[in-house]
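A quick write-up on the structure given underneath.
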Amino acid sequence: MTKIYIFSALLISYFAYSLAVYTRGTDETASGPLPGKTEVTLGKRLYQEKNCSSCHQLYGLGGYLGPELTTAFSDPNRGELYLRAFLQNGGPRMPKFDFTEKEINSIISYLEYIDHSAISYRKK
Ligand code: HEC
């Protein structure tokens with residue numbers, strides 16, 4: 001008899017768990033939504049749409065034509081204005097994307113967000 005109770009309890013948990021997993025959807029990323037900042041989210045979307053990762057790495061992943069961007073925001077040799085200049089004008093090999101001011105701001109916010117998440121990676 002106990003076996004039947006245990007079996008039923010497990011079966012019910014299985015269905016309850018499946019229901020939760022399959023009805024909650026997958027709109028949010030595994031790490032949760034970017035913390036309440038629509039600007040960061042827009043920057044992330046642009047980064048994905050324009051396929052920046054074909055040439056740039058974040059956390060070491062991505063293409064190798066362009067420089068790693070994980071800590072570009074806080075890098076004393078680069079920083080916000082430097083990034084802005086590349087996003088506005090492109091470079092010798094970096095394409096010029098004709099972003100609007102708002103789009104550039106959002107990409108920079110996204111890079112700032114990434115930078116904050118990479119503390120252990122940062123060189124001091
Ligand atoms: C075709 C490859 C390519 C693509 C796509 C590309 N970049 Fe670049 N990017 C480069 C290269 C190469 C450089 C280095 C400067 C140069 O040689 O022009 C660079 C430089 C930069 C820099 C200056 C950083 C530094 O350390 O010099 C930033 C910021 C940047 N890119 C952001 C982006 C973003 C954001 C996107 C997507 C919207 C993007 N790039 C798409 C190739 C690319």
Side-chain angles (χ1 to χ4, degrees):
M1 199 63 193
T2 355
K3 277 183 186 168
I4 292 177
Y5 283 135
I6 294 173
F7 177 77
S8 319
L10 286 174
L11 195 67
I12 291 168
S13 329
Y14 168 76
F15 283 118
Y17 179 74
S18 302
L19 188 74
V21 167
Y22 288 107
T23 53
R24 276 180 60 209
T26 50
D27 291 342
E28 294 174 5
T29 53
S31 57
L34 300 175
K37 281 189 131 189
T38 45
E39 214 186 5
V40 172
T41 315
L42 176 63
K44 180 179 182 183
R45 180 138 46 82
L46 285 168
Y47 194 91
Q48 290 169 343
E49 276 173 12
K50 304 292 177 188
N51 213 2
C52 311
S53 59
S54 62
C55 296
H56 291 281
Q57 308 110 61
L58 287 181
Y59 309 113
L61 292 175
Y64 288 93
L65 183 62
E68 154 82 60
L69 295 177
T70 316
T71 52
F73 186 86
S74 65
D75 186 335
N77 296 319
R78 294 186 278 178
E80 187 176 341
L81 287 177
Y82 182 87
L83 305 183
R84 189 174 291 277
F86 272 98
L87 292 171
Q88 272 166 355
N89 310 310
R93 289 168 302 155
M94 157 88 183
K96 184 177 191 301
F97 285 97
D98 293 319
F99 288 127
T100 63
E101 194 66 25
K102 185 171 176 259
E103 288 173 330
I104 292 181
N105 289 340
S106 65
I107 291 176
I108 290 179
S109 303
Y110 175 57
L111 292 178
E112 181 184 6
Y113 169 82
I114 294 288
D115 188 281
H116 283 310
S117 72
I119 291 167
S120 60
Y121 187 87
R122 196 176 292 160
K123 306 186 216 63
K124 265 270 152 85

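As the structure lists them, so they are numbered: ligands from 1, and atoms in each ligand from 1.
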Response to the item:
Between Ser106 and Glu39 the two heavy atoms that sit nearest each other are CB-O, 3.3 Å
Worksheet, complete the sentence: In short, Ser74 meets Asp115 closest at the heavy-atom pair OG-OD2, 2.8 Å
Worksheet item: Would a distance-only check, ignoring hydrogens and angles, find a side-chain to backbone donor-acceptor pair under 3.5 Å from His56 to Pro67?
Response: yes
Worksheet item: Can a donor-acceptor pair be found between the side chains of Tyr59 and Ser117 at a distance below 3.5 Å?
Response: yes
Worksheet item: Would you call Arg45 and Thr41 a side-chain contact if the rule is heavy atoms closer than 4.5 Å?
Response: no
Worksheet item: For ligand 1, which atoms sit closer than 4.0 Å to a heavy atom of Ile107?
Response: 35 (C)
Worksheet item: Which ligand 1 atoms, with their elements, are less than 4.0 angstrom from a heavy-atom of Gly66?
Response: 10 (C), 11 (C), 12 (C)
Discussion item. Which residue and atom name correspond to the protein heavy atom nearest atom 35 (C) of ligand 1, and how close is it?
Written reply: Leu87 CD2, 3.5 Å
Discussion item. Heavy-atom distances under 4.0 Å decide this one: backbone, side chain, both or neither, for Leu46 against ligand 1?
Written reply: neither
Worksheet entry | Heavy-atom pair with the smallest gap, counting every atom of Phe99 and Leu87 | CD1-O, 3.9 Å
Fill in: Leu65 to ligand 1, any heavy atom closer than 4.0 Å
yes
Discussion item. Check for me whether Pro95 has a heavy atom closer than 4.0 Å to any atom of ligand 1.
Written reply: yes
Worksheet item: For atom 15 (C) of ligand 1, what is the nearest protein heavy atom, given as residue, atom name and distance?
Response: Phe86 CE2, 3.5 Å
Item to complete: Taking only heavy atoms of Lys50 into account, list the atoms of ligand 1 that are under 4.0 Å away from them.
Response: 38 (C)
Worksheet item: Within the side chain of Glu103, is there an N or O that forms a donor-acceptor pair under 3.5 Å with the backbone of Leu46?
Response: no
Item to complete: Report, in ascending order of atom number, the atoms of ligand 1 lying under 4.0 Å from any heavy atom of Arg78.
Response: 25 (C), 26 (O)
Item to complete: Examine the proximity of ligand 1 to Pro92 and report which part, side chain or backbone, both or neither, has a heavy atom under 4.0 Å away.
Response: both
Item to complete: For Phe99, counting its heavy atoms only, list the atoms of ligand 1 lying under 4.0 Å from any of them.
Response: 38 (C)
Worksheet item: Looking at atom 4 (C) of ligand 1, what's its closest protein heavy atom, distance included?
Response: Cys55 SG, 3.3 Å
Practice prompt. Give the residue, atom name and distance (to 0.1 Å) of the protein heavy atom nearest atom 34 (C) of ligand 1.
Written response: Cys52 SG, 3.5 Å
Discussion item. Could you see if Ile4 belongs to whatever hydrophobic cluster contains Ile12? Use Ile, Leu, Val, Met, Phe, Trp, Tyr and a side-chain cutoff under 4.5 Å.
Written reply: no
Practice prompt. For residues Ile104 and Gln88, report the shortest heavy-atom separation together with the two atoms involved.
Written response: CD1-CG, 3.3 Å
Discussion item. Could you identify the single nearest non-hydrogen protein atom to atom 29 (C) of ligand 1 and state the distance to 0.1 Å?
Written reply: Leu83 CD2, 3.5 Å
Worksheet item: Which protein heavy atom lies closest to atom 41 (C) of ligand 1, and at what distance to 0.1 Å?
Response: Phe97 CE1, 3.6 Å
Worksheet item: With a 4.0 Å cut-off, would you call Glu49 and Lys44 a salt bridge?
Response: no
Response to the item:
In short, Phe86 meets Gly91 closest at the heavy-atom pair CE2-CA, 4.1 Å
Worksheet item: Can you name the closest pair of heavy atoms from Asn77 and Asp75 and give their distance?
Response: N-OD1, 2.9 Å
Worksheet, complete the sentence: Which atom of His56 is nearest atom 8 (Fe) of ligand 1, counting N, O or S only? It is NE2
Worksheet item: Closest non-hydrogen protein atom to atom 33 (C) of ligand 1, residue and atom name please, with distance?
Response: Met94 CE, 3.3 Å
Worksheet item: Quick one: does ligand 1 sit under 4.0 Å from the side chain of Asp75, the backbone, both or neither, non-hydrogen atoms only?
Response: neither
Worksheet item: Looking only at distance, does Ser54 have an N or O less than 3.5 Å from an N or O of ligand 1?
Response: no
Item to complete: Enumerate the atoms of ligand 1 whose separation from the nearest heavy atom of Pro67 is less than 4.0 angstrom.
Response: 13 (C), 14 (C), 19 (C), 20 (C), 24 (C), 25 (C), 26 (O), 27 (O)
